K.L.:
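Let me give you the structure first, and then I'll get to my questions.
FYI, the numbering just counts along the sequence from 1. Note that the coordinates shown come from a computational prediction; the quantities given were computed from them, not determined experimentally. Every number for a ligand or one of its atoms is a count from 1 in the order of the listing.
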Amino acid sequence: MNVSGVVRPPGDKSISHRALLVSALAGGRGTSEFTGLLAGEDVKSTARVLRQLGVEISTLRDGATVAVRAKRLTSPASRLHCGNSGTTARLLLGVLAGQRFQARLTGDASLRRRPMRRVTEPLRAMGAEIREERGDSLPLSIRGGRLHPVSYTTPVASAQVKSALLLAALTGNVAVTIREPYRSRDHTERLFVHLGLDLRERQSVISFQPSAQRVPPFHLAVPGDASSAAFLVAAAALAERGELLVENVGVNPTRTGFLVVLERMGAHVERLNLRDQGGEPVADLLVRSAAQLSGTAVSAAEIPTLVDEVPILAVLASRAGGGAETVFREVGELRVKESNRLELVAANLRAVGVEAEARGNDLHVRGTERPPRGRVDTARDHRLAMAFAVLGALPGAEVELSERKSVAISYPAFFADLRRIGSNARHRG
Ligand code: S3P
């Protein structure tokens, strides 16, 4: 496989959700406008549920400027279906915690298996009424109310938990203080600060004090998604020859653990044209094919900065030279993503001839030079489909994916882009 050319990843999924949710809460007249917003299924889920709550949002289409006209949120006529999107469900619960009406949330089969108490417990502590139907998962109903301030230490390093509390504080007009075990992505904090809200971070304690002044309508150019870019960067690093320019990538340090680990494995990625876009650092990434990758150990503290990149990093680790082992420490959270990524990454690597194993909460992968051959079960998880598609693009590879449609969740043009940058991908399924 050779790579060449220039490619742009789609808009950042996390920032796109936040742009819609925060602009939906804007006060006063005027319209918020976004360019570069991801037109993927997950962000469409957020747009759909916000429309059900009375917000006017123009059509999400690749390349379109998206306009949001905030209205006072109103009680939805039917249940709010969050599709496959954990971010939609958990951040929306935060928004609804400060609203005086009842709403029922549900999602697809994958989302209905994912834990919600990590968010509902602190929101209850703030004063929201939440009724579970099936324990720690969707569907559930929420009735917001008069909230009280809270100081909360979250047991999981989760940007979704942190963001739900910040959004509850914003809609309920109460102060919150949040501590997390390791620092997770900070897009909500950055957006609040960018909009002039009183959010402070000192020694990893986040304090937010909403003021009577409402969020103004705002404009934002959404950076490209570092997690989507990771698949392109990986394809270039694994290529036999060539270099690839991946343009307009968000390089927020809470998201770039993938690049740090990849460089530790021996690949070279240059960050060019570093700039700021709406409070987020953005760069163009120049990636050259790596002569040889080495194994590494990824620590628990690094995991939140690359939590969505473990599948593609595991694929890279499977190509480490000299049979070197890579270990990802404390990746138990991967069990509760869109699929059980911890077990499925290991099982799928084994299915294509790689030694890989989940031991407790750690993931071990041993490098091999044998071309990957076998059938991969993506479990309709977009990041598994993309990670194994990159593996399937290696010379001599015969990787059959159980499906490819799931990439529409976060990167609808993924297969077209992978083909375009010059891989010799052969995918079936
Ligand atoms: C996200 C946070 C992460 C990540 C997810 C998006 C966000 O989840 O895995 O894809 O936008 O806040 P956790 O908060 O559960 O770690």
Side-chain angles (χ1 to χ4, degrees), residues 9-22 37-38 40-43 45-46 82-95 107 110-111 113-122 136-138 152 154-167 178 180-192 206 222-223 225-231 250 252 254-258 280 300-313 328 330-342 345 361 381-384 386-387 406-407 409-411:
D12 187 283
K13 180 157 78 69
S14 293
I15 298 175
S16 297
H17 284 298
R18 286 155 174 80
L20 292 180
L21 288 158
V22 175
L37 198 91
L38 172 65
E41 291 305 319
D42 270 11
V43 181
S45 290
T46 290
C82 302
N84 190 245
S85 176
T87 312
T88 305
R90 296 190 180 121
L91 271 56
L92 188 68
L93 283 167
V95 168
S110 151
L111 185 54
R113 281 192 292 269
R114 300 179 66 185
M116 291 294 145
R117 279 189 190 144
R118 54 182 59 195
V119 171
T120 55
E121 274 175 9
D136 184 14
S137 54
L138 297 181
Y152 187 68
T154 154
V156 276
S158 162
Q160 293 178 354
V161 173
K162 190 169 57 172
S163 303
L165 299 191
L166 290 171
L167 288 168
I178 308 165
E180 51 181 351
Y182 297 113
R183 192 148 190 252
S184 64
R185 66 190 67 189
D186 64 357
H187 302 301
T188 308
E189 295 92 304
R190 283 175 186 258
L191 183 56
F192 278 20
I206 299 154
V222 177
D225 197 315
S227 299
S228 299
F231 299 105
N252 176 325
T254 62
R255 293 285 299 281
T256 48
F258 167 78
E280 293 278 350
E302 285 179 304
I303 298 301
T305 68
L306 49 76
V307 66
D308 292 337
E309 286 67 74
V310 175
I312 187 63
L313 278 170
F328 300 86
E330 293 301 323
V331 283
E333 265 295 299
L334 296 196
R335 292 201 172 90
V336 292
K337 293 292 179 189
E338 287 84 327
S339 68
N340 181 341
R341 284 186 188 156
L342 178 51
V345 165
N361 285 332
D381 180 333
H382 54 134
R383 300 206 195 276
L384 293 183
M386 291 188 275
S406 58
V407 304
I409 292 290
S410 61
Y411 194 165

K.L.:
Does an N or O anywhere in Arg383 fall below 3.5 Å from an N or O of ligand 1?
P.N.:
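By distance alone, the answer is no.
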
K.L.:
Side chains of Ser158 and Ser184: donor-acceptor distance under 3.5 Å anywhere?
P.N.:
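No, Ser184 and Ser158 have no side-chain donor paired with an acceptor closer than 3.5 Å.
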
K.L.:
Which residue owns the protein heavy atom closest to atom 11 (O) of ligand 1, what's the atom, and how far is it?
P.N.:
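Checked against all protein heavy atoms, atom 11 (O) of ligand 1 sits closest to Ser14 OG, 2.7 Å.
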
K.L.:
Output the list of atoms in ligand 1 that are nearer than 4.0 Å to some heavy atom of Lys13, sorted by atom number.
P.N.:
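Those qualifying, in numeric order: 10 (O).
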
K.L.:
Would Val307 count as being in polar contact with ligand 1, using the rule that some N or O on each side must be under 3.5 angstrom apart?
P.N.:
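There is no such contact.
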
K.L.:
What residue and atom, counting heavy atoms only, is the protein's closest point to atom 10 (O) of ligand 1, and at what distance?
P.N.:
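Minimum-distance protein heavy atom for atom 10 (O) of ligand 1 reads Asp308 OD2, 2.8 Å.
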
K.L.:
If we count only N and O atoms by modelled type, under 3.5 Å, do the side chains of Ser227 and Arg255 hold a donor and an acceptor together?
P.N.:
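Their side chains do contain a donor-acceptor pair, which is all the 3.5 Å distance test asks for.
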
K.L.:
Provide, to 0.1 Å, the distance between atom 14 (O) of ligand 1 and the closest protein heavy atom, together with that atom's residue and name.
P.N.:
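Going by distance alone, atom 14 (O) of ligand 1 is nearest to Ser158 OG, 2.6 Å.
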
K.L.:
Using the side chain to side chain contact (heavy atoms under 4.5 Å, CB included) rule, pick out the option among Ile206, Leu166, Asp186 that qualifies with Phe192.
P.N.:
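It is Leu166; the other options fail the test.
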
K.L.:
Would you compute the distance between atom CE of Met116 and atom CD of Glu121 and round it to the nearest 0.5 angstrom?
P.N.:
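These two atoms lie 13.0 Å from each other.
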
K.L.:
Please determine whether a side-chain nitrogen of the Lys or Arg among Asp381 and Arg341 lies less than 4.0 Å from a carboxylate oxygen of the Asp or Glu.
P.N.:
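Between Arg341 and Asp381 there is a salt bridge, with a charged N closer than 4.0 Å to a carboxylate O.
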
K.L.:
Do the charged groups of Arg183 and Glu189 touch, with an N to O distance under 4.0 Å?
P.N.:
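Salt bridge between Arg183 and Glu189, a charged N being under 4.0 Å from a carboxylate O: no.
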
K.L.:
Taking 4.0 angstrom as the limit, do Asp308 and Arg185 come out as a salt bridge?
P.N.:
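Salt bridge flag = yes for Arg185 with Asp308.
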
K.L.:
Check contact between Arg185 and ligand 1, using heavy atoms of the residue and a distance below 4.0 angstrom.
P.N.:
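Contact present.
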
K.L.:
Quick one: which of Arg18, Glu180, His187 has a heavy atom closest to atom 7 (C) of ligand 1?
P.N.:
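It is Arg18 whose heavy atom sits nearest to atom 7 (C) of ligand 1.
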
K.L.:
Run down the list Lys337, Gln160, Glu333, Arg114 and name the one with the heavy atom closest to atom 1 (C) of ligand 1.
P.N.:
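It is Gln160 whose heavy atom sits nearest to atom 1 (C) of ligand 1.
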
K.L.:
Hey, which atoms in ligand 1 end up nearer than 4.0 Å to a heavy atom of Ala159?
P.N.:
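Checking each atom against Ala159, I get 12 (O), 14 (O).
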
